[in-house]
Amino acid sequence: MESIPLTADELIDQLAEQYPEVIYDPGQDRDEFLLQSGERRLVLLLLTRRRLDLEASREGRS
């Protein structure tokens, strides 16, 4: 059993590992692909937001 992430960064890292990039395979279920794509888009949004927040904090912005 995995431990519960204690910080937002730990959660983002865990989600990034849990929901990797998916490639469409016409032989597999389209709905499952769409679900996995949506999960990954959320992870990418969180990764981008974290990067932007980190850059802003380095530049002294909030």
Side-chain angles (χ1 to χ4, degrees):
M1 181 174 163
E2 292 184 38
S3 62
I4 297 172
L6 298 178
T7 67
D9 283 333
E10 289 176 359
L11 177 60
I12 292 169
D13 292 338
Q14 182 177 329
L15 291 172
E17 190 174 312
Q18 187 173 346
Y19 301 109
E21 200 70 48
V22 292
I23 298 172
Y24 181 66
D25 178 358
Q28 294 191 343
D29 184 27
R30 182 177 181 272
D31 289 338
E32 182 64 26
F33 168 75
L34 292 174
L35 177 65
Q36 292 173 353
S37 294
E39 292 165 343
R40 186 59 190 178
R41 277 197 314 268
L42 173 61
V43 170
L44 292 174
L45 177 68
L46 293 169
L47 289 168
T48 299
R49 178 62 191 256
R50 178 172 65 179
R51 180 182 52 80
L52 292 173
D53 287 350
L54 183 60
E55 289 172 3
S57 69
R58 286 182 180 159
E59 295 173 2
R61 293 183 281 150
S62 295

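Nothing here was measured: the structure is a model prediction, and the numbers come from that model.
- When the shell of 6.0 Å around CZ of R50 is examined, it contains more than 12 heavy atoms from other residues, nucleotides or ligands.
- Taking all atoms of both residues into account, the shortest heavy-atom contact from Y19 to V43 is CB-CG2, 4.1 Å.
- Taken from CD in Q28 to CD1 in I23, the straight-line distance is 11.0 Å, to the nearest 0.5 Å.
- In this structure R51 satisfies the salt bridge (Lys or Arg N to Asp or Glu O under 4.0 Å) test together with E55, sequence neighbours excluded.
- In this structure, L45 places its CG atom where more than 12 heavy-atom neighbours from other residues, nucleotides or ligands lie under 6.0 Å away.
- Of the possible donor and acceptor atoms, none in the side chain of R40 sits under 3.5 Å from a partner among the backbone N and O of V22.
- Side-chain heavy atoms closer than 4.5 Å link hydrophobic residues (I, L, V, M, F, W, Y) into clusters, and following such links, possibly through other members, connects L47 to L42.
- Annotation: the span from D29 atom CG to Q36 atom CD amounts to 9.5 Å, rounded to 0.5 Å.
- Atoms OG and CD, from S37 and E21 in turn, are 8.0 Å apart once rounded to the nearest 0.5 Å.
- Put simply, L11 and L44 are part of the same group of oily side chains (I, L, V, M, F, W, Y) that touch within less than 4.5 Å, one to the next.
- Checked by atom type, the side-chain pair E10/Q14 shows no donor-acceptor distance below 3.5 Å.
- Counting all heavy atoms, side chain and backbone alike, L15 lies closest to L46 at CD1-CD1, 4.0 Å.
- In this structure, the separation between CD on E17 and CD1 on I12 is 14.0 Å, given to the nearest 0.5 Å.
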